[in-house]
Undergrad: 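Here's a structure for you.
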Amino acid sequence: MTSTADLLQQGIAHHRAGRLQEAGALYQQVLALEPAHADCLNLMGVIANQVGRPELAVDYIGRALRVEEKSAIYHNNLGQALLALGRLDDAVASFRRALALEPKLAEAYANLAIAFRHQGKTGDALALFRRALELKPDFAQAHNNLANMMAELGRLDSAIDHYDRALALTPDDPEILTNRGSALLGQSRIADAVASFRRAHALRPTDALLLKCALALPIIPASIGEIERVRATLGDEVAALRHRFMSLSDPERQIGQTCFHLAYHARDDRQLQRALAALYAEACPSLLTSAPHCLHPVPSADGRVHVGFVSHFFRTHTIARLFHGLIAQLARDRFHVTLLATPCPPDPARAALVEAADAFVELPFDLATARQRVADCALDAIVYPDIGMSPLTYFLAFARLAPVQCVSWGHPDTTGIANLDYFLSCDAMEPDDAEAHYSERLVRLPGPTVYYERPDFDARLKDRAQLGLDAAAHLYVCPQSLFKFHPEFDAVLVEILRRDPAGRLVLVQGAHRHIDDLLIQRLTAGAPEIAARITVLPPLNRGDFVALLAASDVMLDPLHYSGGNTSLEAFSVGTPVVTWPGAFMRGRHTYGFYKLMGLTDCVARDTTDYVAIALRLGTDPAWRAAVSGRIRAAAAALYENRETVRALEDFLVDAVARARRSSDPTAAARLQGRIDP
């Protein structure tokens, strides 16, 4: 008869080789003979966690700890299962117990770092990862996890360095290769990224990796021709993957990206976004989960509409600035407001948002757990300020978690997601044919659609000298993220600098220097003589950013993707912004603001007119001063606008009432995400 020791060793051999089913069968034989075999209970828990059953893992490892409570390894493994369940505080406690028992257990340091990362404790997490690598320099997974964190922080060069160190230790790890590919995508190194994904796919073929290859869009397209090619390729590959009947268990984890850069192509994205959303819904039906209260919505006990605002960017970020006012100003006799956000380090904007809301719910970076936490709120309506910038909120929006679900223009593009009912937009920004651009039902609201407090910086703004800028130059500033620059905008910028020898183009460095360099190379490829008159400032705090706007002669609105928050800040200090209304709302924010102010001086008819207006503002101080004065006088229409708040309130109350009245079977099926609107 084979001994339990032999059975255990055979199971461990299968386990190390990745044959989990065979290993589990052998461990079960051991437990049949010795039900309290602590090592075997622990190993069964490890397998349970590996196959996505963390609740079972907690049970097994808990039983092991009742036999041997002083095992650092068991406490560490229990912490990993608790981490998978989103029980972050319990996981931290387990990792701390492991380290109290074994202070040099590198794995526990690395796992505690992951827990802190999920809690938003960035500095602590980085220190713990480094401590783990001090103890165990050949710890490939710690290099990988540290690299993941560096990538989240935008430190892509450092991330790729740590991925490469991990791969030097484990060259054939598909997870690390996949993560490395995602970091390369962030630098717009498309060919290198796809090569990394394909190498991972060769080692462990998955549908997710095929889709990641399809989603590899350039951040800085080389030309309009490249835009057309990549869009056509994406459409073809999504169609092909739908025919494959691909399967995904957790798209947020397996894909971990969105089609964010489609919005910058100046094309109608509705068809592509709907096709991609349909692919996800077919590949992962659990995305379409419906919260029970949505099937038969009834009024809340307090008689108010319970509305939740959900975003990854409720922290020091444009989204927080744009939506704080709405969250604070919704009438509390009509609304109960819940803020739902992912963890972040201590942050003044987050603190202000939490203070403005009636309730706060933290959403973990785990789709299933986040979805359950939203469902538990039993909301009447959800407003996503942005969809498309965060994988978590993108995939969260597939579920029916409130009878009424809305998206707004924090990321101004349609989503294609069937369970998003309404797109809340600014009527002044939308073209006449805008309804055709959205998979959601378009809601045209009056006013600016945000309750934006007018910045008050004038008395303490830095001047040009303090900002390191030429006092005598004509400053044309375009302080947008450089990936917003469409190839058609290049010719406009070149023409302005060629026709104004005293002109200087001022840009602001983005998160990734590699991306900035690609844009400058494209911009100056046909006009090398202007390179010396382009200044790229380092990232600025908000006060210095507004000072830059005030110190400039004119702000240039990018073609096809207009400034929103930036234009509101520019108008607050009277800076003229030249704009040409695009075909889609995302290219018409500044134009909409001008309509609300009743001004047309800086609204161009075409690119030729755009250049002419910019040059006149840059070279004619008297006209510039007159335009600036008119902007200052009219800008009050954009700030602290209560008409917008009341209109949003009335819409939400009416939409929730209609959802409650609905007894149409088709509407009920839509609530379960089965029918595309």
Side-chain angles (χ1 to χ4, degrees), residues 217-228 230-231 260-269 409 411-413 426 428-431 433-434 437 476-500 503 505-508 510 515-516 518-527 530 534 549 552 554-568 570-571 575-595 600-618:
L217 301 177
I219 298 174
I220 303 293
S223 64
I224 296 171
E226 184 178 27
I227 288 174
E228 300 297 346
V230 299
R231 291 176 69 87
F260 174 73
H261 293 287
L262 278 183
Y264 301 94
H265 291 170
R267 300 291 186 272
D268 188 343
D269 292 334
W409 56 272
H411 181 60
D413 198 8
C426 171
M429 297 175 187
E430 292 287 357
D433 61 347
H437 303 159
Y476 300 88
V477 62
C478 189
Q480 304 288 346
S481 298
L482 300 189
F483 54 74
K484 291 184 178 181
F485 287 37
H486 191 275
E488 289 181 358
F489 193 35
D490 296 1
V492 170
L493 298 174
V494 170
E495 184 69 8
I496 289 170
L497 291 182
R498 280 178 169 166
R499 290 175 56 183
D500 182 2
L505 175 62
V506 182
L507 311 176
V508 177
I515 299 302
D516 301 347
L518 288 175
L519 186 279
I520 298 298
Q521 289 166 18
R522 192 189 74 192
L523 179 60
T524 59
I530 69 166
I534 299 176
L549 302 180
S552 66
V554 55
M555 189 171 106
L556 304 176
D557 209 24
L559 302 189
H560 306 304
Y561 203 103
S562 178
N565 182 74
T566 308
S567 293
L568 288 168
F571 292 143
T575 300
V577 184
V578 185
T579 193
W580 177 39
F584 306 99
M585 180 267 290
R586 56 188 177 271
R588 301 166 66 92
H589 296 158
T590 303
Y591 169 65
F593 295 147
Y594 274 131
K595 283 179 69 175
T600 60
D601 304 77
C602 302
V603 178
R605 297 184 300 273
D606 51 33
T607 55
T608 300
D609 195 33
Y610 185 110
V611 172
I613 294 170
L615 288 170
R616 186 178 178 191
L617 287 167

Undergrad: Using 0.5 Å steps for rounding, measure from the OG atom of S481 to the CG atom of L519.
TA: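 CG of L519 is found 10.5 Å from OG of S481.
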Undergrad: Closest approach of P581 and A604, non-hydrogen atoms and distance?
TA: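 Looking at all heavy atoms of both residues, the closest pair is CD-O, 3.6 Å.
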Undergrad: Taking atom CZ as the centre, does R498 end up with more than 12 heavy-atom neighbours from other residues, nucleotides or ligands that are less than 6.0 angstrom away?
TA: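 For R498, atom CZ is crowded (more than 12 foreign heavy atoms under 6.0 Å).
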Undergrad: Looking at D516, L556, V477, I520, which hits side-chain contact (heavy atoms from CB on, under 4.5 Å) with L507?
TA: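 Only match with L507 under side-chain contact (heavy atoms from CB on, under 4.5 Å): I520.
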Undergrad: What closest approach, in Å, do D268 and F584 show between heavy atoms, and which atom pair accounts for it?
TA: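 That would be N-CZ, 3.3 Å.
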Undergrad: What's the separation between atom CG in L505 and atom OG in S552, rounded to the nearest 0.5 Å?
TA: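 Going from the CG atom of L505 to the OG atom of S552 covers 11.0 Å.
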Undergrad: Can a donor-acceptor pair be found, under 3.5 Å and without considering hydrogens, that links the side chain of D557 to the backbone of G563?
TA: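 Answer holds: yes.
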Undergrad: Under 3.5 Å, is there a donor-acceptor pair between the side chain of R588 and the main chain of G582?
TA: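 Yes: the side chain of R588 pairs with the backbone of G582.
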Undergrad: Check whether the ring centres of F260 and H411 lie less than 6.0 Å apart, and answer yes or no.
TA: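 Yes - the distance between ring centres of F260 and H411 falls below the 6.0 Å cut-off.
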Undergrad: Let me confirm one number: the CD-CG distance from E488 to L559, rounded to the nearest 0.5 Å.
TA: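 Between E488 CD and L559 CG, I get 7.0 Å after rounding to 0.5 Å.
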Undergrad: Working to the nearest 0.5 Å, report the span between CZ of F485 and CZ of R522.
TA: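 Taking CZ in F485 and CZ in R522, the distance rounds to 9.0 Å.
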Undergrad: Dump the intermediate steps for side chain to side chain contact (heavy atoms under 4.5 Å, CB included) on H486 and I227, then the final yes or no.
TA: CA-CA 10 Å; H486 191 275; I227 288 174; 3.7 Å; yes
Undergrad: Parallel, tilted or perpendicular: which one describes the rings of W580 and H560, with boundaries at 30° and 60°?
TA: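 Tilted.
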Undergrad: Whether the side chain of Y594 engages the backbone of V577 through a donor-acceptor N/O pair (distance < 3.5 Å, no angle test) should be reported.
TA: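 Yes; judged by distance alone, with no hydrogens or angles, the pair exists.
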Undergrad: Would you mind reporting whether V554 and I613 have side-chain heavy atoms less than 4.5 Å apart?
TA: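 The answer is no; the side chains never approach within 4.5 Å.
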Undergrad: With rounding to the nearest 0.5 angstrom, report the CE to NE2 distance, M429 to H589.
TA: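 Rounded to the nearest 0.5 Å, the CE-NE2 separation comes out at 5.0 Å.
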Undergrad: Using side chain to side chain contact (heavy atoms under 4.5 Å, CB included), reason through Y476 and V506 one step at a time and then give a plain yes or no.
TA: CA-CA 6 Å; Y476 300 88; V506 182; over 6 Å; no
Undergrad: Parallel, tilted or perpendicular: which fits the ring planes of Y264 and H261, with parallel below 30° and perpendicular above 60°?
TA: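 Ring orientation, 0 to 90° scale: tilted.
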Undergrad: How far apart are the C-alpha atoms of R231 and L217, what are their side-chain angles, what is the distance that settles it, and do they pass the side chain to side chain contact (heavy atoms under 4.5 Å, CB included) test?
TA: CA-CA 8 Å; R231 291 176 69 87; L217 301 177; over 6 Å; no
Undergrad: Donor-acceptor pair, distance only, cut-off 3.5 Å: does the side chain of T590 make one with the backbone of T579?
TA: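 Here the side-chain-to-backbone pair does not exist.
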Undergrad: Give me the atom names and distance for the closest heavy-atom approach of L523 to V494.
TA: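 L523 and V494 have their closest heavy atoms at O-CG2, 3.7 Å.
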Undergrad: CZ of R605 to OG1 of T600: how many Å apart, nearest 0.5 Å?
TA: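 Separation between the atoms: 10.5 Å.
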Undergrad: With a 3.5 Å distance limit and no angle check, can you tell me whether R586 reaches the backbone of A263 through a side-chain donor-acceptor pair?
TA: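 Yes; at least one donor-acceptor contact below 3.5 Å.
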Undergrad: Would L617 and C602 count as a side chain to side chain contact (heavy atoms under 4.5 Å, CB included) if you check the C-alpha gap in whole Å, the side-chain angles of each, and the deciding distance to 0.1 Å?
TA: CA-CA 9 Å; L617 287 167; C602 302; 4.0 Å; yes
